[in-house]
Asker: 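Before anything else, here's the structure in question.
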Amino acid sequence: TDLITNTFNPVTQQFTFDNGGRATTYGWEFQARIKPIKQVTLEGTATSMRALDEVVFRRLARRPEHTFTARLTAQPLVDLVEDEWDGLDFSLEYLSISNRRDVAPLLPVEQIGAFDFTTAFGGPTLAVGDTRIGALKHKVKGYQRFDAAVSYRFWHDRLRAFARAETFTNAQYEDVATFPGDGANF
């Protein structure tokens, strides 16, 4: 109940947050973790979700229907050296996000003065007093991303030095329409 929505008022030319009605979210989640050998852990998750706005009967924005993750963690020094020196960890992570709905793309900041907010979101032209945004027309493509990390725990596991590479395949993606992901970063 009390779904919080962002609405546009064409009279005041302002956006406001409102308790706009009801939403229903349903689906399933699955998580598994196995440790085939003492030095290796495999983890995975899968989520299938439907999130619906019950007032306008459409899918809620920015909620992917399917999300998958996988992680391989290795601790290669366990049982090879004394416990106080076995703190080396490696991990490789995979993330997959499916397509999702979002608002239509916005204009660059330098064009904002000429921007017609009343039709910006892909819906019909709004009449005075009508604060509906309109249909969510933009589809944000799904993506896959890989991250890797290495760390070393020392001083009796009180400190950790680490290095991390995110999106190391330099995948191009958007979590929100018109806001590109970081790309490869270290």
Side-chain angles (χ1 to χ4, degrees), residues 1-34 42-71 91 93-147 149 164 166-167 169-183 185:
T1 61
D2 296 330
L3 171 68
I4 297 172
T5 60
N6 187 354
T7 58
F8 176 73
N9 184 329
V11 175
T12 63
Q13 299 285 302
Q14 293 182 348
F15 288 95
T16 58
F17 292 100
D18 296 313
N19 287 351
R22 297 179 55 87
T24 301
T25 302
Y26 60 93
W28 55 265
E29 292 182 296
F30 175 77
Q31 180 178 359
R33 172 189 254 183
I34 60 172
L42 300 169
E43 300 172 87
T45 65
T47 303
S48 180
M49 177 180 62
R50 296 282 290 176
L52 303 171
D53 182 331
E54 292 182 7
V55 174
V56 294
F57 301 105
R58 68 175 174 225
R59 290 181 59 189
L60 292 175
R62 300 182 182 147
R63 282 135 177 118
E65 191 169 352
H66 303 290
T67 304
F68 302 99
T69 66
R71 177 183 301 150
S91 70
E93 300 175 22
Y94 168 75
L95 170 67
S96 175
I97 302 287
S98 67
N99 295 345
R100 58 225 172 272
R101 308 286 292 167
D102 208 334
V103 296
L106 298 176
L107 291 176
V109 174
E110 62 272 5
Q111 297 177 20
I112 204 75
F115 191 58
D116 181 3
F117 284 97
T118 59
T119 60
F121 297 98
T125 301
L126 302 175
V128 173
D130 186 351
T131 59
R132 291 176 296 140
I133 288 179
L136 297 172
K137 291 182 74 171
H138 191 70
K139 186 178 237 181
V140 179
K141 274 182 54 179
Y143 64 90
Q144 290 80 40
R145 170 183 136 172
F146 290 91
D147 301 336
R164 183 168 174 85
E166 295 179 338
T167 319
T169 59
N170 202 26
Q172 303 298 305
Y173 66 95
E174 296 178 335
D175 275 323
V176 176
T178 73
F179 290 91
D182 290 336
N185 61 83

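Computed from a predicted structure; not experimentally measured.
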Asker: Once you measure the plane-to-plane angle for Tyr173 and Tyr143, does it fall in the parallel (<30°), tilted (30-60°) or perpendicular (>60°) bin?
Answerer: parallel

Asker: Rounded to the nearest 0.5 Å, what separation is found between the CG atom of Leu52 and the CZ atom of Arg63?
Answerer: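 Separation between the atoms: 10.5 Å.
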
Asker: Taking the side chain as every heavy atom from C-beta outward, state whether Glu29 and Thr45 have any atom pair closer than 4.5 Å.
Answerer: no

Asker: Using a 4.5 Å cut-off on heavy atoms from C-beta on, say whether the side chain of Thr167 contacts that of Asp147.
Answerer: yes

Asker: In chain order, what residues pass the side chain to side chain contact (heavy atoms under 4.5 Å, CB included) check against Glu65, with sequence neighbours excluded?
Answerer: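 Checked Glu65 against side chain to side chain contact (heavy atoms under 4.5 Å, CB included); matches are Arg50, Arg59, Ser98.
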
Asker: Can you tell me how far the CD atom of Glu93 sits from the CZ atom of Arg164, to the nearest 0.5 Å?
Answerer: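 Those atoms lie 4.5 Å apart.
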
Asker: Measuring from atom CG of Leu95 to atom CZ of Phe68, what distance do you get when rounded to the nearest 0.5 angstrom?
Answerer: 11.0 Å

Asker: Leu60 versus Leu3: any side-chain heavy-atom pair under 4.5 Å?
Answerer: yes

Asker: Before accepting this row, confirm whether a basic side-chain N of the pair Asp102/Arg100 lies closer than 4.0 Å to the acidic partner's carboxylate O.
Answerer: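 Salt bridge between Asp102 and Arg100, a charged N being under 4.0 Å from a carboxylate O: no.
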
Asker: Which atom pair, heavy atoms only, marks the closest approach of Gly142 to Asn99?
Answerer: N-OD1, 2.6 Å

Asker: Can you list the residues that meet the side chain to side chain contact (heavy atoms under 4.5 Å, CB included) rule with Thr1, with sequence neighbours excluded?
Answerer: Arg22

Asker: For the atom pair OG1 (Thr169) and CD (Gln144), what is the distance rounded to the nearest 0.5 Å?
Answerer: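 Thr169 atom OG1 to Gln144 atom CD measures 9.0 Å (nearest 0.5 Å).
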
Asker: Got a sec, which residues hit side chain to side chain contact (heavy atoms under 4.5 Å, CB included) with Phe17, two or more places apart in sequence or on another chain?
Answerer: Ile4, Asn6

Asker: I need the Asp182 CG to Asn170 CG distance, nearest 0.5 Å.
Answerer: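 If we round to the nearest 0.5 Å, Asp182:CG and Asn170:CG are 10.5 Å apart.
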
